[in-house]
Amino acid sequence: MVGSRRPRVLIALVALLCVVFVVIMVAGGSAGPFVSDVGTVVIVALAAIASLVRARARRGRLRVAWTGIGLGSVAYTFGEGTWTWIETVRGEEVPFPGVADIGYLGMVPILTIALFLVPTPRQSAANRIRGFVDVAMIACSLLLVSWILVLDPLVSAGASATALALGVSLGYPLSGVVLVTVVLHMLAVLHRDSPDVAPLTLVGVAMIVIGAGDSAYTYAELHNAYQSGDLMDASWFVGFALVFLAARLPGKTVTRTTPDAAPGQAEPRAFAMLVPYVAVVAALICCTFSYVMTGDIDPLVSWGRSALILLIVCRQLLTLLENRHLTRHLEARVLERTAELQASEQRFRALVQQSSESVAVIDADSTIRYQSESVERIFGWPAQVLLGHRLTEVSGRKSGLRIAAAIESVIAGPESVTVIEVPMRHQDGRIRLAEMTITNLLDDPAVGGLVLNTRDVHDAKELQEQLMYEAYHDSLTGLPSRALFRERLVEAIARCAGRDEAAILFLDLDGFKEVNDSLGHAAGDALLVQVAARLRAAVREEDTVARFGGDEFGVIVESLAARADAEAVAGRITAALEAPFEVGERELHVAVSIGLACAADADDVEQLQRNADLAMYRAKSGGGRRLAAYDPAMLAGLVERLELEADLRVALARDELALHYQPTVDLRTGEITGFEALVRWHHPTRGMVSPLDFIGTAEATGLIVPLGRWVLTEACRQAVAWGAGTTRSLKMAVNVSVRQFEHGELATMVAQVLAETGMPVDQLCLEMTESVLLTDTDENLAQLHRLKELGVTLAMDDFGTGYSSLAYLRRFPMDTLKIDRSFVDRLGGEHEDEALVSTIVRLGRSLGMTTVAEGIEDSVQLEFLRGLRCDYAQGYYLSRPLPAAEAGRVLVNGLANPIGEPVPSTR
Ligand code: C2E
Ligand code: MG
Ligand code: MG
């Protein structure tokens, strides 16, 4: 508290001043009264100022207390000032009683109030009452002492004095009594946590010094022995020097870590307990002394003694009551705590017994000293059976060895823990996997052993393994899943370390969606199971075949020449899937698109998989049924595709699309009977983009719907324009995509366009590929019927490239069959192919459909088809697709390559 340098200097200074003052007083002489008067005025004034300043810096009761001390000192300053003025300045005798006495005595009530208001701890009512009794005891004792020593002689001596003089004379010793009482009380009750406990204690000491001085002064005055400049003057100087010091001392910093003591629990200090008794003993000694000296007992002393005895009895009674209360309270607390402890022990016991773990305490040699009963529920063994046995012996040889090793590992370190998994035999003979946590509490006096917490984790482990298997395997085919594929791929890449020793194949079945959609998921699943079996059979034992989901599969090929081997595997897979699959009563054909990527071309697994994906996409977009190996250009292709997609979104709005028209020619008459509208995209930077490059994107993004509507409107508008003013009825063929069937009501859209453009319905032909017949069959069939009801002609485009059989066609209301260019291409060469085309033409005719041959590029093909009595033809040989204006001219002027003699009709 007084730890820093400043307070030490201050204390030293004050001490020095006091010593100097005392020395001057002792030395006496003429300077004595002057120094005494002036010095006291100055020190009292300083004490007053310092106290008031400190009061400003304090709050609450402390502020009140310091203000009181300050104001008391001000009063005293007034008294001392007046005295000094009269005695030192005016050189006169100070009158008694006089104005100075007002100041001196005025200090006492102010200080009494101030010191009663110092902060005290919260107290119970009983404590407070006892406090008052204590104050009364002190006051009574001091009064007795004062009476015997000062007051009584004063009263006797002052019998001749005026009542005022006597009263004032008595005022000084009484003030001393009051001050000392108040101070003793304050010291007893002062809050020990108060920041000003030391300064206030010092003020208390100062007041006792001043009080003693007052009493001594009165005593001296009584015997006419007082003179200004006497040694007793030092008591006031020293007293107020201490007040000044107290007001200047720094307070203690209060950290409120402990809350104030609860009421009734503020423990009285030994000092507080003793002070009243000390005072009483002092008073009684004084009484006895007076009796011995005078041989007489003053009635007031006798009254005082009686009062003291009464007060002591009162205090004893209070203490007794309080003790009884305390004992009861303590008994109740003990009972309460005992009940709490019992409850907590019961709770703990129940926890251990009901726990899903077996808890045991074993010695270092594994002898079981404590075993919770829960072991019976978990492992079937009653706890008593195990007690006293060595765990290493009862848990079987292998587990015993492992447990012994685990004990060995924890035994060295106090509180060290180890967890092991060991098989344990259940009482019913089953072997269960147990997780055992061994904690070394050998050094813990409450335990003194190794604590074993054992759980049955058998089912959890099994479930975990099951879940692991599920995560790593495809439930339908039992093949590894994508996750396991990836893990194995990571390992394979690590093994091959950049050499050409690992490659992957990504497989996607062609036409699987159609099977699923038309025959149902059960058939799709059955097909996938068979495909998986064939894939497994087509690879080596050590190669991984995984199913990624849907109809996607992956193969990891690891070998010294992975690229070549992967190609060979792809070949074997394609061949293996060629034979039809038997699903229910049906025979199904599926082909596969394969993307191949080599680890040597990729930096990491992600890149390798992306490469394979790109290659697979290429194989797929190239028409499927093929193998594509990754090459870096594919990545550029991907970027290009994404750009194309973005551009296509605005192409329609920017009017970048146009239609070209390819004539359809009657093979019998050589006349142009109609046109097929084919969309073209004049891309601002890429130039002309083929529909083959953007129709797929339009389909994937759904843009095909507005695009399709635009094509239909434009084609109809053109057909109406060409028909205007002529009697000629031209057929306009417009391609529709299967996606247009899926998005919205196609028949309604067609009807609207026909109405908008004024196109006669019988002049419109809608071309669609076999995919329309294979996806969402029933819904598409209904849509086709609605189109048919409108009166629109329906044509099957690119016939022969899809997966439908001719027989399948019967279900659909198709009017025209367009034989794919790939068949026409092979005409004029191998006989088998010619036979194929002729079969298609014949079968088409037998189904009542007209046949159109696509892609005729030379006269040989043309003649051939005429010979087969195919109805119509299209092809570069006759005319390329042309812009509307040129097509219009061809319509007027005729074809560049006119067809020869008309053939007789067979229709
Ligand atoms: P498609 O409906 O089978 O159209 C015939 C395609 O064969 C046209 O290609 C045409 O230019 C081409 N072709 C015609 N004669 C010959 C020939 O003698 N030799 C060769 N090598 N090719 C010939 P194009 O215009 O590139 O269209 C390709 C495909 O894009 C079309 O095949 C059609 O499926 C689709 N398509 C074109 N326009 C549209 C459209 O407006 N909507 C939809 N949904 N698809 C369209
Ligand atoms: Mg077409
Ligand atoms: Mg076609």
Side-chain angles (χ1 to χ4, degrees), residues 621 623 648 651-652 656-665 674-682 688-719 731-743 746 749-750 753 764-772 793-802 814 816-828 840 851-862 864-865 872-884 886-887 890 895-897:
S621 58
L648 189 60
L652 258 177
E656 288 169 10
L657 298 179
L659 288 186
H660 282 193
Y661 300 90
Q662 186 175 37
T664 312
V665 178
F675 290 91
E676 178 176 1
L678 294 158
V679 70
R680 297 290 177 264
W681 180 10
H682 298 282
M688 177 78 88
V689 185
S690 157
L692 292 173
D693 293 333
F694 69 86
I695 289 294
T697 309
E699 285 179 339
T701 54
L703 283 170
I704 193 72
V705 176
L707 189 145
R709 187 185 177 116
W710 178 84
V711 169
L712 185 67
T713 314
E714 185 61 21
C716 289
R717 211 189 42 70
Q718 188 58 60
K731 259 262 173 349
M732 180 61 79
V734 176
N735 295 284
V736 288
S737 149
V738 65
R739 299 278 169 261
Q740 284 172 271
F741 281 80
E742 287 162 14
H743 292 87
L746 185 62
M749 188 273 276
V750 171
V753 172
L764 180 65
C765 171
L766 294 180
E767 294 187 6
M768 62 211 71
T769 59
E770 284 157 287
S771 53
V772 172
T793 307
L794 300 177
M796 173 95 309
D797 207 352
D798 304 344
F799 185 77
T801 54
M814 308 305 280
T816 305
L817 203 62
K818 294 189 78 174
I819 303 163
D820 190 66
R821 204 176 70 218
S822 54
F823 300 105
V824 176
D825 240 8
R826 292 180 269 182
L827 286 179
I840 296 173
T851 48
V852 183
E854 291 186 279
I856 293 170
E857 292 186 345
D858 55 43
S859 56
V860 181
Q861 292 167 346
L862 184 81
F864 220 101
L865 286 156
Y872 300 97
Q874 266 180 293
Y876 290 170
Y877 177 69
L878 298 164
S879 167
R880 286 187 171 260
L882 302 167
E886 282 180 50
V890 171
L895 294 163
N897 287 325

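Counting starts at 1 for both ligands and their atoms, following the listed order. What you see is a predicted model, and the numbers here were worked out from it, not measured in a lab.
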Visitor: Would you mind listing every salt bridge (charged side-chain N to carboxylate O under 4.0 Å, His left out) that reaches into residues 693-704, with sequence neighbours excluded?
Guide: none
Visitor: Taking Gln740 for its side chain and Ser737 for its backbone only, find out whether a donor-acceptor pair lies under 3.5 Å.
Guide: yes
Visitor: State, yes or no, whether a side-chain contact exists between Val890 and Leu882 at a heavy-atom distance under 4.5 Å.
Guide: yes
Visitor: Check whether the side chains of Lys731 and Thr793 place a donor and an acceptor atom closer than 3.5 Å, and report yes or no.
Guide: yes
Visitor: Please tabulate, for the side chains in residues 854-862, all donor-acceptor contacts under 3.5 angstrom to protein atoms that are two or more places apart in sequence or on a different chain.
Guide:
| unit_1 | atom_1 | unit_2 | atom_2 | d |
| --- | --- | --- | --- | --- |
| Glu854 | OE1 | Asp798 | N | 3.4 |
| Asp858 | OD1 | Val860 | N | 3.2 |
| Asp858 | OD1 | Gln861 | N | 2.8 |
| Gln861 | OE1 | Glu857 | N | 2.7 |
| Gln861 | OE1 | Asp858 | N | 3.4 |
| Gln861 | NE2 | Val824 | O | 3.4 |

Visitor: Around the Mg ion (ligand 2), how many protein N, O or S atoms are there at under 2.8 Å?
Guide: 4
Visitor: Over all heavy atoms of both residues, which pair between Pro663 and Arg880 is shortest? Give the atoms and the distance, please.
Guide: CD-O, 4.1 Å
Visitor: Near ligand 1, which residues have a heavy atom under 4.0 Å away from one of its atoms?
Guide: Gln662, Glu676, Leu678, Val679, Arg680, Ser690, Pro691, Leu692, Ile695, Val711, Asn735, Val736, Ser737, Glu767, Asp797, Asp798, Arg821, Glu854, Gly855, Ile856, Glu857, Gly875, Tyr876, Pro881
Visitor: Does a salt bridge link Glu676 with Lys818, judged by any charged N lying under 4.0 Å from a carboxylate O?
Guide: yes
Visitor: Specify the closest pair of heavy atoms between Leu659 and Val679, including all atoms of both residues, with the distance to one decimal.
Guide: CD2-CA, 3.6 Å
Visitor: For residues Val852 and Leu817, determine if any side-chain heavy atom of one lies less than 4.5 Å from a side-chain heavy atom of the other.
Guide: no
